[in-house]
Enquirer: 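Okay, here's the structure, questions in a sec.
Computation of the quantities below employed the complete heavy-atom set of this structure, encompassing side-chain atoms and omitting hydrogens, waters and symmetry-equivalent molecules. Treat the numbers as computed from the prediction; the structure is a model and nothing was measured. One-based numbering, in listed order, for ligands and for the atoms of each.
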Amino acid sequence: MPVYTLPELPYDYAALEPHISGKIMELHHDKHHLAYVNGANTALEQMEAARDKGDLVWINKLEKDLAFNLGGHANHSAFWENLSPTGGGEPDGALKDQIDKDFGSFAKFKAQFTAVAAGVQGSGWAILAWDSIGERLVIVQLFDQQGNIPMGLTPIILLDCWEHAYYLDYLNVRADYIAAWWNLVNYQDAAARLARAKSQTKGLIIP
Ligand code: MN
(Lines give C-alpha, C1' and ligand atoms only; values in the text may rest on other atoms or scores of the structure.)
Protein backbone atom coordinates (compact mmCIF):
# COMPACT_ATOMS: atom_id res chain seq x y z
CA MET A 1 0.00 0.00 0.00
CA PRO A 2 1.35 3.44 -0.88
CA VAL A 3 2.10 5.73 2.05
CA TYR A 4 0.91 8.91 0.32
CA THR A 5 -2.37 9.34 -1.54
CA LEU A 6 -3.86 12.13 -3.64
CA PRO A 7 -6.56 14.01 -1.71
CA GLU A 8 -9.82 14.99 -3.41
CA LEU A 9 -10.33 18.64 -4.27
CA PRO A 10 -12.88 20.17 -1.86
CA TYR A 11 -14.71 21.81 -4.82
CA ASP A 12 -15.27 21.29 -8.56
CA TYR A 13 -12.46 22.05 -11.01
CA ALA A 14 -14.28 25.10 -12.35
CA ALA A 15 -15.42 26.40 -8.94
CA LEU A 16 -12.64 28.97 -8.72
CA GLU A 17 -13.36 30.62 -12.07
CA PRO A 18 -12.85 33.27 -13.29
CA HIS A 19 -9.79 33.63 -11.05
CA ILE A 20 -8.33 30.18 -11.77
CA SER A 21 -9.68 28.17 -14.71
CA GLY A 22 -11.06 24.67 -14.43
CA LYS A 23 -8.47 23.48 -16.95
CA ILE A 24 -5.61 24.63 -14.76
CA MET A 25 -7.19 23.09 -11.66
CA GLU A 26 -7.68 19.76 -13.44
CA LEU A 27 -4.10 19.62 -14.72
CA HIS A 28 -2.64 20.98 -11.50
CA HIS A 29 -4.43 18.49 -9.26
CA ASP A 30 -4.75 15.40 -11.47
CA LYS A 31 -1.32 15.57 -13.14
CA HIS A 32 1.10 17.72 -11.14
CA HIS A 33 -0.03 16.86 -7.62
CA LEU A 34 -0.41 13.18 -8.53
CA ALA A 35 3.18 13.15 -9.82
CA TYR A 36 4.43 14.40 -6.44
CA VAL A 37 2.42 11.72 -4.61
CA ASN A 38 3.80 9.00 -6.86
CA GLY A 39 7.32 10.42 -6.64
CA ALA A 40 7.28 10.43 -2.85
CA ASN A 41 6.01 6.84 -2.71
CA THR A 42 8.65 5.76 -5.23
CA ALA A 43 11.42 7.42 -3.23
CA LEU A 44 10.38 5.53 -0.08
CA GLU A 45 10.19 2.23 -2.00
CA GLN A 46 13.61 2.78 -3.54
CA MET A 47 15.10 3.64 -0.14
CA GLU A 48 13.72 0.40 1.28
CA ALA A 49 15.17 -1.57 -1.61
CA ALA A 50 18.52 0.15 -1.16
CA ARG A 51 18.57 -0.67 2.56
CA ASP A 52 17.65 -4.29 1.88
CA LYS A 53 20.41 -4.64 -0.72
CA GLY A 54 22.91 -2.76 1.41
CA ASP A 55 23.55 -0.55 -1.61
CA LEU A 56 23.30 3.11 -0.58
CA VAL A 57 25.32 4.59 -3.41
CA TRP A 58 22.23 6.49 -4.72
CA ILE A 59 21.02 7.66 -1.33
CA ASN A 60 21.69 11.34 -2.06
CA LYS A 61 19.50 11.18 -5.17
CA LEU A 62 16.74 9.43 -3.21
CA GLU A 63 16.93 12.00 -0.40
CA LYS A 64 16.46 14.80 -2.93
CA ASP A 65 13.60 12.91 -4.59
CA LEU A 66 11.82 12.44 -1.27
CA ALA A 67 12.26 16.07 -0.19
CA PHE A 68 11.06 17.45 -3.53
CA ASN A 69 8.08 15.15 -3.96
CA LEU A 70 6.90 15.00 -0.35
CA GLY A 71 7.27 18.78 -0.32
CA GLY A 72 5.09 19.01 -3.41
CA HIS A 73 2.48 16.71 -1.86
CA ALA A 74 2.39 18.69 1.39
CA ASN A 75 2.28 22.10 -0.28
CA HIS A 76 -0.51 21.25 -2.70
CA SER A 77 -2.58 19.40 -0.10
CA ALA A 78 -2.68 22.59 1.98
CA PHE A 79 -2.98 24.87 -1.07
CA TRP A 80 -6.28 23.30 -2.24
CA GLU A 81 -7.82 23.73 1.21
CA ASN A 82 -6.52 27.31 1.32
CA LEU A 83 -8.72 28.21 -1.67
CA SER A 84 -12.48 28.70 -1.70
CA PRO A 85 -15.06 29.91 -4.24
CA THR A 86 -16.40 32.06 -1.40
CA GLY A 87 -12.97 33.21 -0.21
CA GLY A 88 -11.34 36.60 -0.31
CA GLY A 89 -12.06 39.64 1.78
CA GLU A 90 -10.20 39.93 5.06
CA PRO A 91 -9.73 37.61 8.04
CA ASP A 92 -11.36 38.22 11.39
CA GLY A 93 -10.99 36.85 14.89
CA ALA A 94 -7.72 35.37 16.12
CA LEU A 95 -6.16 35.29 12.65
CA LYS A 96 -6.81 39.00 12.13
CA ASP A 97 -5.41 39.78 15.59
CA GLN A 98 -2.23 37.77 14.93
CA ILE A 99 -1.70 39.39 11.52
CA ASP A 100 -2.20 42.85 13.02
CA LYS A 101 0.27 42.03 15.82
CA ASP A 102 2.99 40.63 13.57
CA PHE A 103 2.62 42.81 10.45
CA GLY A 104 0.99 45.99 11.71
CA SER A 105 -2.19 45.63 9.67
CA PHE A 106 -3.84 43.43 7.05
CA ALA A 107 -2.91 45.97 4.37
CA LYS A 108 0.77 45.79 5.33
CA PHE A 109 0.63 41.99 5.44
CA LYS A 110 -1.05 41.87 2.02
CA ALA A 111 1.55 44.20 0.51
CA GLN A 112 4.44 42.17 1.90
CA PHE A 113 2.95 38.82 0.88
CA THR A 114 2.26 40.12 -2.63
CA ALA A 115 5.84 41.36 -2.98
CA VAL A 116 7.24 38.09 -1.66
CA ALA A 117 5.12 36.08 -4.15
CA ALA A 118 6.03 38.34 -7.06
CA GLY A 119 9.70 38.09 -6.14
CA VAL A 120 10.00 34.30 -6.10
CA GLN A 121 12.79 33.54 -8.58
CA GLY A 122 12.15 30.51 -10.77
CA SER A 123 9.71 28.03 -9.23
CA GLY A 124 8.50 28.28 -5.67
CA TRP A 125 5.91 29.43 -3.17
CA ALA A 126 5.05 32.36 -0.95
CA ILE A 127 3.99 31.14 2.48
CA LEU A 128 2.53 32.73 5.58
CA ALA A 129 3.77 30.45 8.34
CA TRP A 130 3.59 30.11 12.09
CA ASP A 131 7.09 30.17 13.60
CA SER A 132 6.97 28.00 16.71
CA ILE A 133 10.27 29.43 18.01
CA GLY A 134 9.44 33.13 17.79
CA GLU A 135 5.75 32.36 18.34
CA ARG A 136 4.77 34.68 15.52
CA LEU A 137 3.72 34.70 11.90
CA VAL A 138 6.39 35.09 9.23
CA ILE A 139 6.28 35.23 5.42
CA VAL A 140 8.83 33.11 3.61
CA GLN A 141 9.82 32.13 0.07
CA LEU A 142 10.04 28.41 -0.53
CA PHE A 143 12.06 27.44 -3.61
CA ASP A 144 10.91 24.53 -5.75
CA GLN A 145 8.90 22.44 -3.28
CA GLN A 146 11.29 22.28 -0.35
CA GLY A 147 14.13 24.83 -0.31
CA ASN A 148 15.07 27.80 1.84
CA ILE A 149 12.79 27.00 4.80
CA PRO A 150 13.98 26.66 8.40
CA MET A 151 12.64 23.95 10.69
CA GLY A 152 9.85 24.94 13.06
CA LEU A 153 7.52 26.60 10.55
CA THR A 154 3.94 25.48 9.92
CA PRO A 155 2.21 26.75 6.76
CA ILE A 156 -0.95 28.81 7.28
CA ILE A 157 -1.51 30.35 3.81
CA LEU A 158 0.40 29.16 0.73
CA LEU A 159 0.51 30.54 -2.79
CA ASP A 160 1.87 28.38 -5.59
CA CYS A 161 4.08 30.61 -7.76
CA TRP A 162 5.18 27.91 -10.19
CA GLU A 163 4.33 28.77 -13.78
CA HIS A 164 2.17 25.61 -13.99
CA ALA A 165 -0.19 27.28 -11.49
CA TYR A 166 -1.09 30.22 -13.72
CA TYR A 167 0.48 30.18 -17.18
CA LEU A 168 -2.60 28.90 -19.05
CA ASP A 169 -4.67 31.77 -17.61
CA TYR A 170 -2.19 34.60 -17.14
CA LEU A 171 0.77 33.74 -19.39
CA ASN A 172 3.84 35.41 -17.88
CA VAL A 173 1.96 38.03 -15.85
CA ARG A 174 2.27 36.56 -12.39
CA ALA A 175 1.14 39.83 -10.80
CA ASP A 176 -2.36 39.38 -12.28
CA TYR A 177 -2.53 35.82 -10.94
CA ILE A 178 -1.52 37.00 -7.48
CA ALA A 179 -4.14 39.76 -7.57
CA ALA A 180 -6.83 37.26 -8.63
CA TRP A 181 -5.73 34.75 -5.97
CA TRP A 182 -6.51 37.20 -3.17
CA ASN A 183 -10.20 36.74 -4.12
CA LEU A 184 -9.98 33.03 -3.28
CA VAL A 185 -8.11 32.93 0.03
CA ASN A 186 -10.01 30.78 2.52
CA TYR A 187 -9.40 32.60 5.81
CA GLN A 188 -11.49 30.09 7.74
CA ASP A 189 -9.09 27.33 6.70
CA ALA A 190 -6.15 29.60 7.53
CA ALA A 191 -7.57 30.39 10.98
CA ALA A 192 -8.05 26.69 11.69
CA ARG A 193 -4.44 26.01 10.62
CA LEU A 194 -3.19 28.79 12.89
CA ALA A 195 -5.12 27.40 15.86
CA ARG A 196 -3.71 23.90 15.24
CA ALA A 197 -0.18 25.23 14.79
CA LYS A 198 -0.30 27.20 18.03
CA SER A 199 -1.66 24.29 20.04
CA GLN A 200 0.60 21.62 18.57
CA THR A 201 4.00 23.22 17.93
CA LYS A 202 4.80 25.15 21.10
CA GLY A 203 8.08 23.84 22.49
CA LEU A 204 8.59 21.51 19.55
CA ILE A 205 12.08 22.79 18.66
CA ILE A 206 13.10 24.61 21.84
CA PRO A 207 11.39 23.03 24.86
MN1 MN B 1 1.78 23.50 -8.17
Side-chain angles (χ1 to χ4, degrees), residues 2-44 63-85 87-88 110 112-130 138-150 153-187 189-190 192-193:
V3 174
Y4 307 111
T5 56
L6 183 68
E8 297 277 327
L9 283 179
Y11 35 72
D12 294 337
Y13 294 128
L16 305 180
E17 292 182 354
H19 306 298
I20 300 177
S21 68
K23 189 64 182 171
I24 278 196
M25 291 303 295
E26 183 175 359
L27 284 168
H28 202 173
H29 176 266
D30 293 10
K31 303 296 184 185
H32 291 281
H33 190 168
L34 180 62
Y36 298 125
V37 169
N38 291 339
N41 284 319
T42 298
L44 284 188
E63 290 289 346
K64 289 183 169 68
D65 288 349
L66 181 64
F68 179 81
N69 287 289
L70 182 51
H73 177 39
N75 301 335
H76 289 85
S77 296
F79 181 57
W80 310 134
E81 301 289 334
N82 258 180
L83 301 172
S84 169
K110 184 174 179 178
Q112 183 177 338
F113 192 97
T114 297
V116 166
V120 169
Q121 295 176 321
S123 297
W125 296 70
I127 301 178
L128 173 70
W130 177 251
V138 294
I139 301 170
V140 293
Q141 289 177 326
L142 179 148
F143 290 102
D144 290 331
Q145 301 292 359
Q146 78 278 30
N148 202 48
I149 296 295
L153 298 191
T154 304
I156 306 299
I157 295 174
L158 306 87
L159 174 55
D160 192 338
C161 296
W162 284 55
E163 287 184 348
H164 71 219
Y166 63 87
Y167 216 83
L168 281 181
D169 290 343
Y170 297 98
L171 300 179
N172 60 319
V173 190
R174 189 193 295 169
D176 288 353
Y177 161 68
I178 297 169
W181 168 81
W182 283 107
N183 295 303
L184 301 171
V185 179
N186 183 344
Y187 291 109
D189 177 64
R193 289 178 189 279

Enquirer: Locate the shortest heavy-atom distance separating Ala40 from Leu66; write the atom from each residue and the value.
Expert: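 Minimum heavy-atom separation between Ala40 and Leu66: O-CD1, 4.0 Å.
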Enquirer: Taking Trp80 as the fixed residue, which of His28, His29, His33 is the one that meets the side chain to side chain donor-acceptor pair (under 3.5 Å) rule?
Expert: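 So, applying the side chain to side chain donor-acceptor pair (under 3.5 Å) to Trp80 and each of His28, His29, His33, only His33 qualifies.
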Enquirer: Under 2.8 Å from the Mn ion (ligand 1), is there any N, O or S atom belonging to His164?
Expert: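 It does; at least one qualifying atom falls short of 2.8 Å.
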Enquirer: Please determine if the Mn ion (ligand 1) has an N/O/S atom from His76 lying under 2.8 Å away.
Expert: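 It does; at least one qualifying atom falls short of 2.8 Å.
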Enquirer: Hey, does the side chain of Arg174 reach the backbone of Ala117 with a donor-acceptor pair shorter than 3.5 angstrom?
Expert: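 Checked: pair present.
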Enquirer: What N/O/S atom of Asp160 gets nearest to the Mn ion (ligand 1)?
Expert: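 So the atom name we want here is OD2.
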Enquirer: Under the criterion ring pair (Phe, Tyr, Trp, His ring centres under 6.0 Å), I'd like the reasoning laid out for Trp181 against Tyr166: C-alpha separation, chi angles, the key distance, then a yes or no.
Expert: CA-CA 10 Å; Trp181 168 81; Tyr166 63 87; over 10 Å; no
